[in-house]
Structure formats: structure tokens, C-alpha cells
4 protein chains.
Amino acid sequence: MKKLILSCALTGAATNRNHCPHIPYTPKELGEEGRRAVDAGASILHIHAREDDGTPSWRTEVFEAIHEEVRQRCPNVIINFSTGAIGLSKEERMKHIPVTRPDVAAFNMSSMNYAIYSKKNKKFYWDGVFENSYTTMQYVINLINEAGTCPEMECFDTGHIRNADIFRDMGLLPDNATYSLVMGVMGGIPATPENLIHQIKQVPEGRHWQSIVISRDQWRLSAIAAAMGGSFRVGMEDNFYLPSGEMAKSNGELVEEGAKLAQLIGRQIATTEEAREMLNIPFRH
Amino acid sequence: MKKLILSCALTGAATNRNHCPHIPYTPKELGEEGRRAVDAGASILHIHAREDDGTPSWRTEVFEAIHEEVRQRCPNVIINFSTGAIGLSKEERMKHIPVTRPDVAAFNMSSMNYAIYSKKNKKFYWDGVFENSYTTMQYVINLINEAGTCPEMECFDTGHIRNADIFRDMGLLPDNATYSLVMGVMGGIPATPENLIHQIKQVPEGRHWQSIVISRDQWRLSAIAAAMGGSFRVGMEDNFYLPSGEMAKSNGELVEEGAKLAQLIGRQIATTEEAREMLNIPFRH
Amino acid sequence: MKKLILSCALTGAATNRNHCPHIPYTPKELGEEGRRAVDAGASILHIHAREDDGTPSWRTEVFEAIHEEVRQRCPNVIINFSTGAIGLSKEERMKHIPVTRPDVAAFNMSSMNYAIYSKKNKKFYWDGVFENSYTTMQYVINLINEAGTCPEMECFDTGHIRNADIFRDMGLLPDNATYSLVMGVMGGIPATPENLIHQIKQVPEGRHWQSIVISRDQWRLSAIAAAMGGSFRVGMEDNFYLPSGEMAKSNGELVEEGAKLAQLIGRQIATTEEAREMLNIPFRH
Amino acid sequence: MKKLILSCALTGAATNRNHCPHIPYTPKELGEEGRRAVDAGASILHIHAREDDGTPSWRTEVFEAIHEEVRQRCPNVIINFSTGAIGLSKEERMKHIPVTRPDVAAFNMSSMNYAIYSKKNKKFYWDGVFENSYTTMQYVINLINEAGTCPEMECFDTGHIRNADIFRDMGLLPDNATYSLVMGVMGGIPATPENLIHQIKQVPEGRHWQSIVISRDQWRLSAIAAAMGGSFRVGMEDNFYLPSGEMAKSNGELVEEGAKLAQLIGRQIATTEEAREMLNIPFRH
């Protein structure tokens with residue numbers, strides 16, 4: 001089995017320090033947390049930008065500052081920038097990509113609901129429509145391609161995976177585009193072993209894929225992903241609890257547990273150099 | 001195995017007589033086609049409204065006329081009205097329901113892309129976002145419930161099926177709500193045996209479900225649905241080709257083939273009376 | 001989808017005219033029933049030999065007589081002879097093959113239990129061990145190969161399918177060896193849709209396979225086999241009830257229903273000539 | 001999720017110190033290795049008997065000595081004795097059970113081939129038929145029941161799992177009988193993720209089950225078992241390599257890695273007391 005590439009999603013956009021006091025906000029904090037994740041075995045850092053008070057940011061300057069702070073502390077890590085947002089135009093969501101030209105950018109593969117539901121209170125705390133029409137997706141993939149950036153296809157349900165075939169058919173998808181099987185978003189496919197396995201079966205033979213699991217079910221589904229030959233993502237965007245149930249104090253702690261898990265399953269962890277070669281993403285800055 | 005309930009979707013909204021000259025448009029034509037479908041074994045008629053020139057209609061008067069023409073010719077059939085439309089407000093899409101109070105109304109279970117792609121020309125002929133946020137869905141289910149109508153939950157992907165649990169958890173879903181596993185819409189789950197089987201596994205034990213398959217793959221996937229104990233839908237909205245490859249001349253011909261198929265699989269076809277009892281939808285007009 | 005090859009198992013060894021008065025016994029009756037099956041669309045006849053009183057026979061002369069009677073009435077049909085028996089030596093089970101050199105011979109792929117259990121009486125009416133050690137299997141496949149006969153690999157459980165890989169690895173398996181997924185023997189894999197689908201997934205891409213389902217579940221599982229691109233077998237060995245629940249009066253009636261079923265699923269039925277070409281089994285007598 | 005019960009199979013019968021110098025042979029060595037396994041988290045010890053030179057033994061005195069040596073060092077551990085052997089009569093295989101009355105005894109669930117094949121040399125090094133006819137199985141389960149011992153149902157393929165239903169139907173199966181899904185024996189179901197998941201789906205809701213995986217694929221399949229809510233077995237009978245690829249120096253090392261793996265998946269390890277309660281196996285000597 002090939003080596004497993006560990007990704008870490010450092011911060012996300014939906015949670016804040018009321019949920020977990022250790023979530024990084026500023027570019028410098030993201031750089032520090034990035035270093036901890038890399039030291040523990042991550043070779044890809046998936047990053048959302050925030051203002052210094054923790055609110056989501058789409059300012060290009062912030063992305064530039066993050067890129068610099070991370071690159072300074074993690075000279076070779078694969079930097080992966082988010083491009084998703086609910087309620088922003090496609091132009092606003094994408095404008096940092098041509099400027100920062102990150103190694104990887106997220107390519108969200110369909111429109112969908114994106115919500116937070118409270119079973120306890122029987123109501124929705126948040127309810128959005130995440131718009132990614134085929135027209136929007138064409139706009140996004142074109143900008144990603146022009147930046148020489150590798151698309152990470154975020155697939156939140158079964159039909160989303162098939163959309164990759166369409167973009168490949170249109171000649172818009174580079175060969176090294178990767179599949180992320182996102183599980184557990186309210187509006188997407190639920191985070192169950194059966195669903196993960198079904199999603200894995202949809203990925204064409206030979207393509208790189210990873211699981212992204214929201215919530216503490218992450219650990220058990222990551223184990224399945226590793227056992228079935230794929231990679232997985234951890235990090236405070238998706239889950240801030242360690243397998244023991246304790247809250248993590250850093251992204252590094254989460255990556256460390258992920259690396260141990262992969263190794264106990266018999267997988268070796270790719271170094272950043274190996275990950276760059278496996279994914280065909282040469283260093284270019 | 002319990003009896004199989006045959007549905008027929010008489011006309012749809014996306015195709016017209018250039019595609020198939022036998023598609024019914026007017027209320028009277030829908031009534032005639034409804035009768036042919038019922039004679040061949042259908043006990044549920046799923047109906048979209050059209051203006052007399054075939055363009056989609058959301059006028060309440062048209063739905064009322066359809067209801068009358070169908071009911072006149074099919075005194076006991078279960079009438080199921082569409083509530084889905086791209087680009088219309090939720091109020092416009094739903095305004096015929098409180099007036100016509102059909103036996104069943106479609107309840108679309110998520111936002112999604114809804115498009116037509118040409119592999120030959122490598123482009124999209126149609127690209128829409130079908131908006132069904134959780135807020136919209138609450139509006140829809142409330143109106144359906146107030147009309148005393150049974151919701152038919154149209155699930156176009158795996159995550160959509162889970163949404164039923166949420167509405168059940170909120171106390172908004174009547175016990176007889178049915179699951180429709182819609183396969184083959186560009187934007188939803190592709191029409192493959194593996195996907196259908198996976199969708200079937202998501203439906204909670206004991207609930208009524210049917211497959212709805214767009215395209216000629218309908219016949220083979222309907223066979224799987226029947227073999228696995230469910231029901232299926234045929235009709236000119238979804239597919240106008242007979243298993244032989246010939247174009248059907250009426251909805252009746254499609255239902256007839258569906259009935260034969262079910263019987264050869266060892267399933268008995270429910271009469272309309274039996275279907276009303278199985279689905280707990282008493283006649284009320 | 002390629003054409004579907006219908007097989008008919010005319011008689012078997014486990015049932016008799018107390019179970020169904022129309023089961024053929026004598027070579028002449030087998031010839032007549034073979035003709036009815038072929039007329040209805042079968043291109044392969046799977047045949048066990050019986051003495052004239054219906055008891056199982058392994059006498060070479062009986063196989064020779066059957067071959068002649070069938071060939072006389074069905075000049076081109078693919079003749080497939082059983083090689084399985086419980087309690088006989090491998091030499092006795094195989095001795096008709098070098099003499100009759102049939103088009104196809106069954107190749108049983110593992111040792112297993114083979115029994116009949118009565119749920120009503122909570123006891124076993126029959127309990128045998130069907131011995132097919134790897135040593136026996138090597139003996140069998142060598143004789144089949146020497147006769148220039150095509151092996152039909154009878155796989156009664158998941159591990160049996162993998163055994164084909166071993167014989168392929170040893171260089172003992174011709175390229176046109178086919179897979180039969182036998183479901184529903186007490187001792188083998190139960191006849192459920194999930195099990196059939198799992199078995200289908202084990203067959204290497206591009207190989208010909210068919211389902212063989214014991215009991216009336218045959219109809220619904222055959223539908224799944226046809227829908228998933230495979231072929232299926234019917235006939236009085238496996239099941240003597242029509243989809244309607246009535247007992248068949250001939251193998252021809254069973255094949256007729258199978259042919260209709262396949263066609264309603266959208267499959268075309270291969271003629272005997274087409275089947276010979278698809279399976280690379282040229283006529284040679 | 002309930003706690004995970006770790007089993008350790010200390011020695012087996014098929015390998016010897018040429019394969020791994022740390023395999024225990026004598027009752028005393030088994031006692032020592034048992035203690036190491038228990039210290040590392042095992043609550044069940046599955047044990048085959050050997051003569052002092054390592055050859056398989058079925059002498060009752062040896063089982064008695066093992067029972068005593070293990071019990072002395074592991075006062076509360078659940079002792080599970082093998083009852084399987086190829087080429088021995090059912091009486092010989094079972095005669096230690098009424099005397100030693102272990103907590104658990106293996107109940108082999110079908111006849112099957114049991115072989116060793118060398119891909120390199122394209123031949124079988126060992127080829128046996130493991131006979132467990134329904135008649136033999138009735139003999140075995142009756143003796144297990146009379147000893148007040150809990151049966152561990154060893155299921156080597158899909159059909160074997162169904163046999164549990166038959167014995168339950170006959171009233172011969174105690175409620176706490178457990179399912180072992182054995183993967184990777186040549187003759188049984190191959191050790192793949194898809195096969196394991198399929199086997200898991202066959203186990204009736206609420207029954208205790210564990211995976212037993214032969215070969216180094218054990219680690220990744222154990223991860224899947226743990227992720228799906230089951231338990232798993234490690235130990236020198238099945239595999240003597242650690243996830244790192246190094247050969248283990250003791251059963252304790254293997255259990256230690258298994259315990260870490262389970263914990264990283266988010267599972268807690270049952271103590272022996274908890275395991276006895278979960279499995280309803282009270283201490284009785």
C-alpha cells in the first residue's frame with residue numbers, strides 16, 4: 001500500500017474560541033499551528049482565513065499574510081486554501097487564488113444545503129444554501145487552473161463525485177486533482193462507515209482520495225479510510241476532540257494521533273517531499 | 001413480500017413533443033393518459049401542470065382543471081402533484097396545494113444542482129440551482145400537512161434521505177410519508193445499481209419507498225427495486241422508451257411493461273384500493 | 001450491455017416426480033425438454049443424468065444417450081454436464097467427461113456442506129459433505145481441459161470465487177471459464193439480493209458470469225443478475241415454480257418467463273450461435 | 001459504542017518456531033504468554049494445545065495443564081479452547097471439553113477446504129478438508145452446551161454465518177454464542193475490507209462479534225472491525241508481525257498494539273470483568 005498523506009485543517013470558519021480556546025485566528029497563530037501539525041506528520045495544511053477577532057475573512061491580504069507566516073515556519077508544506085463561502089459571490093470567494101497561487105485550492109463540487117441542527121432544541125441554528133452551480137464550478141476550476149494550483153475536489157455527497165467526470169470530460173480537470181470525501185455536514189452525506197465505503201467505491205481507480213469527517217466520528221472513519229488505502233484529514237476545522245474524548249490543545253496533537261492511528265493500521269506516513277511527488281505538486285515559490 | 005405500488009409520472013416539465021410526440025399537455029390529455037396508466041395498473045399518478053402549449057405552468061386553475069379531468073376518468077386513483085420548480089419562490093411553487101388538496105404532494109428534500117449536460121458537445125444545455133433550504137422545506141411540509149396531503153419525499157442523493165430523520169425529529173413528518181429514491185438527475189446521484197442499492201439501505205425499516213429513475217436505465221433499476229421489495233415509478237416524465245428500445249405511444253404502454261416486469265419478478269401489483277390502504281391515504285373528495 | 005445467455009438446468013438430482021410430475025428422467029425426455037427450453041430461448045442446457053426410474057445416474061452410457069438425444073433435437077445447443085456428486089470418488093464423478101466431451105462441464109469450486117433442513121420439523125432431512133479439495137479440483141480441471149471442454153465454475157460461497165484465481169495462477173484455467181454464482185443451497189451462501197450483489201463484485205472484470213438460484217427467490221435474484229449485466233439460469237433443477245406461483249409444466253415454460261423477464265429489463269437474449277461466440281465455445285461434434 | 005473485547009490467540013497449530021521463535025509451546029509457556037497478553041489488555045485467550053516439541057496435541061491432560069497454568073497466572077481471564085482439527089474424529093476433537101469445561105470453546109460452522117498455497121511455487125503445501133457436517137456440528141454444540149461452555153462460532157465464509165440461524169432455530173444455540181468472522185484462510189473468504197464489511201452485515205443485530213484475520217492484513221481489517229462497533233482478535237496464531245512490519249517478540253506486544261489501535265479509533269477496552277459481564281460468562285471454577 002502506498003504511503004498515507006496526512007492533511008490538517010487548521011481552523012475552519014464555523015467555530016470559534018467559545019467552542020475551543022485553542023483555535024488559531026491570526027496569520028501568525030496559523031503559522032505556529034501549521035508548524036506543530038507539520039512536526040507531527042502533516043504534509044498538507046488546509047486553511048481558511050480569519051480576521052484577528054476570529055470572524056471569517058476573504059481579504060486577499062489576510063491570505064497573503066497567512067501564506068507568508070506558514071511558509072516561513074514550514075518551508076516545504078503543501079498549502080491548501082479554502083474557496084468556499086455561503087452568501088459571497090464567486091468572484092469574492094476566488095479573488096485570493098490568482099494572487100496567492102497556493103499549492104492546492106478547494107474545489108467545491110455541487111450546490112447543497114449547509115446547516116446546523118440541534119437535536120436537543122429541535123431547530124436549525126444555521127441554514128444556508130451553498131451555491132456551486134455548474135457555471136460557478138467552471139468559473140472556479142478555470143481560476144484554479146490558471147493559477148497553476150491543484151484542485152482538491154470537495155465531495156459532500158455521492159452525486160458530487162460524479163461531477164468530477166463531467167469536468168474531466170470537458171477537459172477542465174488536471175490529472176492530479178484529488179478527491180475529498182466530506183462526511184457529516186448537515187446537508188451532505190451522513191458520517192457512517194457504510195456511506196464512507198460507498199463514497200470510496202465511486203472514486204475512479206488510481207486517483208488520490210482522502211476522507212474529511214466532521215465530528216468525533218472522524219477517528220473511526222479515518223481508520224476505515226486508512227484501512228482501505230486512502231488518506232485522511234484531521235484538524236480543528238473538523239473536530240477538536242482527541243480519540244480519548246479530551247479536547248485537543250493544538251492541531252499538532254490531533255495530527256499526532258492521526259499519525260499513530262495510520263501506523264497501527266500498517267500505513268506509513270508520507271513526508272512532505274514524498275507527498276509532493278505522489279500528488280505531482282512541485283514546490284514553486 | 002407485500003404488493004408493489006405502481007406510480008406513473010405522466011408528463012414532467014423538462015421535455016416536450018419534440019422529444020416525444022405523445023407527451024400529454026392539457027388537463028384533458030392528462031386525464032386521458034391518466035386513465036390509460038390506471039387501466040394498465042398504476043395506482044398513483046404524479047403530475048406536473050403545463051399550459052396548453054406544453055410550457056410548465058404553476059397556475060392554480062390549471063392544477064384544478066387537471067384534478068377534475070383526472071378524477072373524472074380515474075375516480076379512485078391517488079393524485080400526486082409536483083411542488084418543485086427552479087427559479088420560482090416557495091410561495092409560487094406551493095400555492096396550488098392548499099386549493100387542490102391532492103392525495104399526495106412531492107416534498108423535495110434538499111438544495112442541489114439540476115442540469116442537463118451534453119457529453120457530445122461537452123457543454124451544459126441547462127444549469128439551475130434547485131433551492132430547497134431547510135427553511136424552505138419547513139414551509140413546504142407545513143403547507144402539505146395543513147392540506148391533509150401525504151408527502152412524497154423526493155431524495156436525489158444520500159444526504160437527502162437523512163433529512164427525513166430531521167423533519168421526523170421536529171415532529172413535522174406524518175407517519176405515512178413515503179421515500180422516492182430519484183436516480184439519474186445531473187446534479188443528483190447517478191443511476192447505477194450500486195447507488196440504488198445504497199439508497200435503499202438508507203430508508204428506515206418498514207417505510208414505503210419507490211425508485212424513480214431518469215433515462216432508459218429505468219427498466220433495469222426498477223427490476224432491482226422490485227426485487228428488493230420496493231415499488232417503482234414509470235412514465236413519460238422519466239423515460240419514454242419501452243424496454244425494447246421503442247418509443248412508447250402512451251403512458252399506458254409504459255405502465256403495462258412495468259406491471260409485467262414486476263409480475264415476472266414475483267411481485268403482485270396493488271390495486272388502487274390496496275395502495276390507499278397500504279399508504280394510509282383514504283379517499284376524501 | 002452485451003446479450004444475456006439463458007441457461008436451463010433440466011432435471012437436477014435432488015428432486016423427483018413426487019415434487020413435480022414434469023421433471024424429465026430418461027434421455028429421450030431430457031431431449032424433449034431440452035428442445036422446449038431451446039425453443040423458448042435457452043442456449044445452454046445443464047444436465048444431470050438419471051436412471052429411468054429417476055434415481056441419479058453416473059453411468060457413462062446414460063450420459064452418452066442423453067448427449068445423443070439432446071443433440072438430435074437441439075443441433076447447436078451448448079451441452080453442459082454435471083460433475084458433482086456426494087459420496088462418489090472423483091474418478092466416478094468424472095468418468096463420463098473424457099467419453100462424451102461435452103461443450104461445458106461443471107467445475108465445483110470447494111468442499112462444503114450440502115444439506116436439506118426443515119424449518120417446520122427442526123431437523124435435517126439430508127446432510128452431506130460435498131468434497132472438492134484442491135487436490136480433487138486439480139484432478140477435475142485437468143480432465144475437463146484434456147476433453148477440450150469449457151469449465152463452468154460453480155461457486156457456492158464467497159471464498160469459492162477466489163479459488164478461480166488460484167487455478168488461473170497455476171495455469172490450469174482456460175480463458176473462457178465462466179463463473180456461476182450459486183445461491184440458496186443449505187451449506188452455501190443464502191439467496192439474498194445483498195449476497196448476490198456481493199458475489200457479483202468478486203468476479204473479475206470482463207469474465208462471463210451467471211446466477212443460479214435455488215428456490216422461488218430465483219426470479220427476483222435473476223432480475224438483479226440481469227440488471228447488473230450478467231446472465232442467469234432457470235430450470236427444474238433449481239426451481240419449478242413460475243413467477244406467478246404456479247408449478248411449471250415444462251422447462252420451456254420456465255425459460256419463456258426468464259426470457260420475458262430479461263427483455264423487460266432491457267436485455268436481449270443471445271441465440272445459441274451468439275452464445276457460442278461470446279463464450280468462445282465452437283461447435284465440434 | 002460499547003467497549004471492545006480484545007482476544008488473543010496465543011499459539012495456533014499451523015506454525016512453529018521456524019516461522020517465529022517466540023511461539024509458546026508448553027503449558028507453562030502458554031501461561032506466561034497468556035499473562036503478557038492479559039497485562040496488555042486481552043480478556044479472552046484462545047488456545048490450541050501442543051506437545052512440548054510444538055506438534056499439535058489433542059491430549060486432555062495437556063489441555064488440563066494449560067488450563068491450570070493459565071488460570072494460575074490470569075485468575076479471571078476468559079479461557080477459550082480450540083475444538084477444530086483436520087483428520088481427527090469429532091470424538092477426539094471434543095474429548096477435552098467435558099473435562100476442562102473452559103469458559104468458551106470454538107464451534108466451527110461448516111465443512112470447507114483448509115489449505116496453504118504458494119503463489120511463488122504455484123503449488124499447495126497443504127491441502128485438507130475440514131469436515132464439519134451438520135451432524136458433526138450438532139454433536140459439537142451439544143457437548144459444548146453440556147459443559148456449560150459458551151460457543152464461539154467460527155465463520156469462515158458467508159454461508160457459515162447463516163448456519164447459526166439453523167442451530168438457533170433448533171434450540172441448540174445459547175443466547176450468548178458469539179460470532180467470529182474468520183478471514184484469510186485459503187478455502188474461506190479472502191481477507192479484504194469489502195468481505196469483512198459484508199460478513200459484519202450478516203450478523204444479527206445485537207450479537208457480539210469479532211474479526212479474526214489471518215496474515216498481516218489483520219491490522220487494517222481489525223481497524224475496520226473496531227470502527228464498525230465490533231471486537232477483534234490478535235495473537236501469534238493469526239499473525240506474528242507488528243503493524244510496523246517487525247516480528248513480535250511476544251503475544252503481549254501484539255495485544256498492546258491492538259489496544260492502542262482500538263483506543264485511537266475511539267473505542268475503550270473492556271476489562272476481563274466487563275467482558276465477562278458483556279458476554280454473560282460468569283466465572284465458575
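Every chain is numbered from 1, with letters handed out A, B, ... down the list of sequences.
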Self-check item: Enclosure of B/Glu273 CD (heavy-atom neighbours >12, cutoff 6.0 Å)
Solution: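 Result for CD/B/Glu273: enclosed.
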
Exercise. Please indicate whether B/Lys123 has more than 12 foreign heavy atoms, meaning atoms of other residues, nucleotides or ligands, lying under 6.0 Å from its NZ.
Key: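 Atom NZ in B/Lys123 is not crowded, with 12 or fewer foreign heavy atoms closer than 6.0 Å.
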
Quiz item: Which bit of C/Glu194 comes within less than 4.5 Å of chain B, counting heavy atoms only: side chain, backbone, both or neither?
Solution: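 C/Glu194 touches chain B through side-chain heavy atoms alone.
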
Quiz item: So which bits of residues 247-263 of chain C come within less than 4.5 Å of chain B, counting non-hydrogen atoms only?
Solution: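 At a heavy-atom separation under 4.5 Å, chain B is reached by C/Glu257, C/Lys260, C/Leu261, C/Gln263.
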
Practice problem: Could you please state which residues from residues 210-234 of chain C sit under 4.5 angstrom from chain B, measuring non-hydrogen atom to non-hydrogen atom, sorted by number, or 'none'? | Solution: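 So far as heavy atoms go, C/Trp219, C/Arg220, C/Ala223, C/Ile224, C/Ala227, C/Met228 are the residues that approach chain B to under 4.5 Å.
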
Quiz item: Atom CD1 in B/Ile197, atom CD1 in C/Ile197: separation rounded to 0.5 Å?
Solution: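 Here the rounded value is 3.0 Å.
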
